[in-house]
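Only one structure is covered here, and it is reproduced in the block below.
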There are 2 protein chains.
Amino acid sequence: MNLTIDYLQKALSGKFELALLDELVRYSQFKQVPVGAYLIRPGEYIRSVPFILNGSVKIMRPDKEGREVLLYYLGELDTCAMSLTCCLGSKQSEVTAIAEEETELIAIPVEKVDEWMCRFPTWKQFVFQTYQKRFDNLLATIDEVVFHKLDERLLTYLHKKTESCQCRVLTVTHEEIAQEMATSREVISRLLKQLEKNGQIQLMRNKIEIL
Amino acid sequence: MNLTIDYLQKALSGKFELALLDELVRYSQFKQVPVGAYLIRPGEYIRSVPFILNGSVKIMRPDKEGREVLLYYLGELDTCAMSLTCCLGSKQSEVTAIAEEETELIAIPVEKVDEWMCRFPTWKQFVFQTYQKRFDNLLATIDEVVFHKLDERLLTYLHKKTESCQCRVLTVTHEEIAQEMATSREVISRLLKQLEKNGQIQLMRNKIEIL
DNA sequence: CGGAATCAGTGACTTTTATCACTCAGAACA
DNA sequence: TGTTCTGAGTGATAAAAGTCACTGATTCCG
């Protein structure tokens, strides 16, 4: 697909001024990312900041032993704050980013992200809003793991997931959930059964319907 | 005390250009904060960004039921990234900030923080480095609570605390530790006893020596 | 079709953490 | 000096989460 001002204008619907849209088209690169593809892995350097047009991306935090936790999802018109700082400080990534659905995004070169901040107030505002959102996301994640038990966490996990993919029936295995919540499959299976008993969900093979 | 360029120059030792130091002195306010004082409480609005000259400040995340967790410490030449975004977006604080020691800081008005970013490259760099650091802090906190057991968490808690206050003997009760780690006093008492048995710490009334 | 692979369910048990109930030591203070 | 308060230690027990071992069901594919 070709990146055009028309397209961006529709997608961003008045979020940015025309001059900025023009530069976005001129300097950034359109990308289509298939489900399951890695946008970034820990340790890699990031050379451009992804700006998601549609689809969704999950951000995971791994530890040394191969486990990992879901931090949050990025969706439409979201940007990764970590990649911002990583780029500007040319630091390696601390997280994994995986396309949860087929995702379309534009990759913006770091220099431009930096340059535009002073030239376009809407861009600066956007960048800081992004930081704000990510901090809130991380704090929400901390709230979950510190203050809530697994069954509650599982429920909010399911709800967030349905939000992110916009459908009531999730296609996911217990094993996958366990990995994203850094626990074991059996535990998740049992808790899911419990939630089903309580009438909060409906279990099927590979699928979970949220009621 | 009076805020002078000389003083700041010494404190910041070449971090910022003279013109910026000049504006720092002109527009910000020097503050001395006693131990235990609240810099900010959740729900309050922040009108200026604190820049810590010396001392240390602990940032806590509360939940609705009155419990809270320690997120990280701010020390010399640190700034709170959350207050940055909160200010710029005029949002309420999501966290509590308490002076862990007697702390000296300068309060910088939001408009200046914003304005200087385009005028002083060192300032912009500083702001983004701050975001970087806070993200790293939050990720480290998440690592702890998700991947580590309480005894390990307790040990890193103690080590961070000694770092922040620069002494090997902490003056703290088991109850306080329990609160900052969102658990109960008995649990902490037992784990501390265990650490003492392993020769990692030495317990005294109101005091813990790290070996 | 039939075997292999993947996913889910579950009993039995352990470990970790939380909670309750109480004792004891030292500090504080009148 | 004795009483009160705060901090700490600890046994008993419960609840939550993790682990092991196995079974059964469904899907996939040669």
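The chains referred to below are lettered A, B, ... by the order of the sequence lines, with proteins before strands, and numbering in each begins at 1.
- Taking CZ of A/Phe16 as the reference point, atom CH2 of A/Trp116 lies at 9.0 Å (rounded to 0.5 Å).
- Distance CD (A/Gln179) to C1' (C/dC7): 13 Å, rounded to an integer number of Å.
- Taking atom CZ of residue A/Arg185 and atom P of nucleotide D/dC22, one finds them 15 Å apart after rounding to whole Å.
- Residue A/Cys80 comes nearest to A/Thr130 through the heavy atom pair C-CG2, 4.5 Å, listed as atom of the first residue, atom of the second, then distance.
- Using a 4.0 Å cut-off, some side-chain N or O of A/Thr183 falls inside it from OP1 or OP2 of D/dG18.
- Among C/dG9, D/dA8, D/dA12, the nucleotide with an atom closest to any side-chain atom of B/Arg190 is D/dA12.
- Phosphate proximity of C/dT6 to A/His174: absent, as no side-chain N or O sits under 4.0 Å from OP1 or OP2.
- A/Glu196 and A/Gln200 form no side-chain donor-acceptor contact under 3.5 Å, judged by distance and modelled atom types alone.
- Comparing B/Lys149 and B/Ser184 along DNA chain C, the residue whose closest nucleotide (by nearest heavy atom) sits nearer the 5' end is B/Lys149.
- B/Ile177 has its CD1 atom 19 Å from the P atom of D/dT6, to the nearest Å.
- Side-chain contact check for A/Glu76 and A/Asn54: no donor-acceptor pair (N or O, by modelled atom type) lies under 3.5 Å.
- Nearest nucleotide to the side chain of A/Arg205, out of D/dT19, D/dT26, D/dT10: D/dT26.
- Contact check for B/Leu139 versus A/Met82: side-chain heavy atoms found under the 4.5 Å cut-off.
- A straight line from CD of A/Gln202 to C1' of C/dA8 spans 15 Å, rounded to a whole angstrom.
- Following rounding to the nearest Å, B/Gln194 (CD) and C/dT15 (P) show an atom-to-atom distance of 14 Å.
- Rounded to an integer number of Å, the gap from A/Leu191 CG to C/dA8 P is 14 Å.
- Distance from the side chain of A/Val187 is smallest to D/dG18 among C/dA8, D/dA8, D/dG18.
- Minimum atom distance to the side chain of A/Leu150 is reached by D/dG18, of the listed D/dT19, D/dG18, C/dA8.
- The residue among A/His148 and A/Glu186 whose nearest nucleotide of DNA chain D is located toward the 5' end is A/His148.
- The distance between atom CZ of B/Arg67 and atom P of C/dT17, rounded to the nearest whole Å, is 16 Å.
- For A/Lys193 and C/dT10, the NZ to C1' distance is 11 Å, given to the nearest whole Å.
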